[in-house]
Amino acid sequence: MSSRATIIAGVLAACLASRAAWALPPLSELEADLGHAPAQQLAEREYRAGKDTLTAGEADLGVSAFGSLGAAHNHDIIDPTHSYTYDQGMGGAGLVLPLLGSRLRIESGLARDKEGLAQLAARAQLTRRDLLGRLRKAYAAYWQGMGEEQLARAYLRSEARVERELALRTEAHVTLDSHRLQILASFAQARSDAAAAQAQQRDALALMRDLTGAPLSGGTVELPRLSAACIARATAVGRWQRQDPELRALRKEIALRADAPQSNPLYPVQSNLQLSVQSEDQVTTGRNGSSVALTWWFQIPLGYRSQRRHLAAAAAERLASARLEYRIRLEALTEQRQSLLEQLPALQRAQTLADLRLAAAREAVRERALRAGRLAGDTPGKSLRAQAARYEAATAQLAAAAALLVWYGDWARFDPGSCTDGTVFVGGSDRAPADLPAALAGTSTGSTITAPRRAHRGRSLYVWKSAAWLSGAADGAADAEFARLRTTGVTRLWISLDGPQLKRAMEDPAPLARAVRATGRAGLSVGLLLGDPSWILPRRRADLTRILTALDSVPFDGVELDLEPEQLHEAPAKLPALLGSLADTLAAARLASPWPLELSIHPRDLDVMVRGIPFAVLLERLHVSPTLMIYAANPERVIAIATPLIGRYRQLQFRVALSLEKSLPRSQSLRSYARPERRARITRVASGLAAPNFAGLVFEFEDGWRDVGLLPAVRH
């Protein structure tokens, strides 16, 4: 902690000691509870209702079946002297298939439903972003009110002593009455600040209760520390437009109107094709027969040309209207977003200025206290005025820090992802954190935006078979597994989804998001693990970006791609070209992914020259963090392979993957070794890779969720 914030830290620590046993949940946990907000539930229910309506409409392709049953008593006159009387049973069935305009009208209704569903989806996402913004602002208000109340109460403790001292000094004519009144006014201001801060906390707490549905009863809170990751991610050119829910819904509307059925020349022509089978049975005579008929029916309005002209004009106007609305909203949102980005440096400078003023006020108090050794003169009076100035500077610093969190609330409109982890940001931005302005990358204690210099060393686990985790995480059945994972030092799970799981998650990501949040509450972060080497190829690249876009609402911690170019072609001569195509895939994935991007890679691939530079340099420019797949049971061998690469490419954050797979030989897998030996080898690798850009180990099993018990516990 820097000296500039010592006064706030000391005062708050003393004043909060009695309340330290209870506290509000952190902001990230409250954000996870926003799904219980009535507004969010209403928006999600409306979306699900719209989705079900569309699904029902798509199931009705217009093909219908019909049938008929009947009975008749007939008395037919053959000639004036003969008649024919009989009872008759009749039955028929058939199919009707709409054609031309009849079918286009059905498609027109579906198009309207799709437009409505896109708007409902956007409304649900925008509702969550609005709730996030309101929650973050309420959290900031509560934190600021808490700090101001404690500062004010701490300052007021000296009021009685200061009043007596001021009275004596005024009587002795060593302190001006104006100075006395000025100091006493600062105590009145502190009482007013304490009352206002209490009211601010009550209002903020009530709002947080309403938003989350949680039974919050007050307590201390910590100011979330924003990661520079989100600020860097915000500068990604054009990406926000593709992910903005409102703009995405408008683009969907434009696409639907561009292909509107009303534009088809056959729209006014009503037609259907009918296939019918009729059976008759004369009960009285025992005669029976049947018939099959195929009928094509159509109807062309007499005013076809006029109707066609007006329909085409209406479709064109609707398309032009959608495009105009898109341009208007794009310009408005771009201006709003740019305004927020321009506000941030000013807020940062205000924070820095508040830090400096507080530091200066602290130093003034210290200097005046050293000089105030006697009653004569006005040095003690100046010391009291310096303490009042220090109080004002401390409250101003609180306000400056809270203003950044308020900005974070406004920023939720454009990026609802969590920025309060304070971890190193590896991917998802057009420039690295090191290239950010100094105001963003500063390490000032008062600043709420930090750029840690050292990678967080945590163990990770590949979970290729995730069905048990997915079913047990949200309902509490996985608590024992989570506890066991924590004993092994695992802090992150890389979760893979098989084909059916991935399809369900893309259609409805809510269950997956709940499992991820539940795992987060258990103290473990979750990353998405995707692996298909064919995504390296240009023709399959869109499949990967489509997955990332469909799952962008899931609060993953990151995404790791297991793309091995050697699986596409083993010839060494083909490797540079494949790695170049892989780099293009990573660039596309980074634009589509709302999470940091990592890549599993063979160590030898990093030094391969691609487009005139090592592939590792391409990863640096793309801000993609590599995981070195070093499957060797000998720890010295692992260290010997990884150390030169980690030292050569210092801008990259490296992880190293070790295998505990039973399918690999003893020389490549740690599984067959006794537990003490396994622990010793893992510890040796972790301690041997001591570089600042080494981010930790990743463990590979055939079934990581089931076999994690084979991973030795961490000794503390």
Side-chain angles (χ1 to χ4, degrees), residues 1-17 19-20 140 143-163 165-166 169 175-176 179-194 196-197 220-223 225 346-375 377-405 438-439 441-450:
M1 180 179 294
S2 69
S3 60
R4 290 178 294 182
T6 303
I7 179 62
I8 286 185
V11 171
L12 289 181
C15 295
L16 300 179
R19 302 170 66 187
W143 177 85
Q144 182 182 2
M146 179 197 69
E148 289 181 350
E149 180 188 1
Q150 304 307 326
L151 283 173
R153 295 192 182 283
Y155 183 64
L156 288 170
R157 288 195 187 100
S158 62
E159 183 178 16
R161 175 184 57 80
V162 171
E163 283 184 345
E165 184 176 344
L166 286 174
R169 296 184 63 79
T175 295
L176 296 177
H179 291 168
R180 180 182 67 84
L181 294 175
Q182 181 182 3
I183 295 172
L184 292 179
S186 69
F187 289 111
Q189 181 64 50
R191 282 192 294 273
S192 175
D193 290 345
T220 63
V221 296
E222 292 184 2
L223 182 67
R225 302 187 65 80
L347 293 173
Q348 284 292 127
R349 287 191 290 270
Q351 176 69 74
T352 302
L353 179 60
D355 289 347
L356 292 174
R357 284 178 173 172
L358 178 59
R362 284 188 63 255
E363 186 62 21
V365 169
R366 189 185 68 83
E367 291 176 355
R368 296 301 180 187
L370 292 176
R371 295 180 181 182
R374 58 188 179 87
L375 187 64
D378 196 34
T379 300
K382 291 180 179 179
S383 177
L384 295 176
R385 292 197 296 275
Q387 293 176 26
R390 182 183 62 180
Y391 167 73
E392 293 177 359
T395 55
Q397 197 213 35
L398 283 174
L404 280 168
L405 195 56
T443 57
S444 166
T445 303
S447 175
T448 57
I449 298 181
T450 60

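Going from atom CG of Leu358 over to atom CD of Glu392 covers 12.0 Å, rounded to the nearest 0.5 Å. Distance check: Leu398 CG to Asp193 CG gives 10.5 Å after rounding to the nearest 0.5 Å.
Under the side-chain contact (heavy atoms from CB on, under 4.5 Å) criterion, Ala190 pairs with Ala152, Tyr155, Leu156, Tyr391, not counting sequence neighbours.
Across all non-hydrogen atoms, the minimal contact from Leu347 to Leu404 is CB-CD2, 3.7 Å. Here the shortest heavy-atom pairing between Ala350 and Ala400 reads O-CB, 4.2 Å. The two residues Glu149 and Ala197 come nearest to each other via the heavy atoms N-CB, 3.7 Å. Of all heavy-atom pairs between Ala394 and Leu151, the closest is CB-CD1, 3.8 Å.
Although no hydrogens or angles enter the test, the distance criterion places no donor-acceptor pair under 3.5 Å between the side chain of Ser192 and the main chain of Ala188.
With respect to Arg390, the side chain to side chain contact (heavy atoms under 4.5 Å, CB included) criterion is satisfied by exactly one of Glu363, Arg362, Arg357: Arg362.
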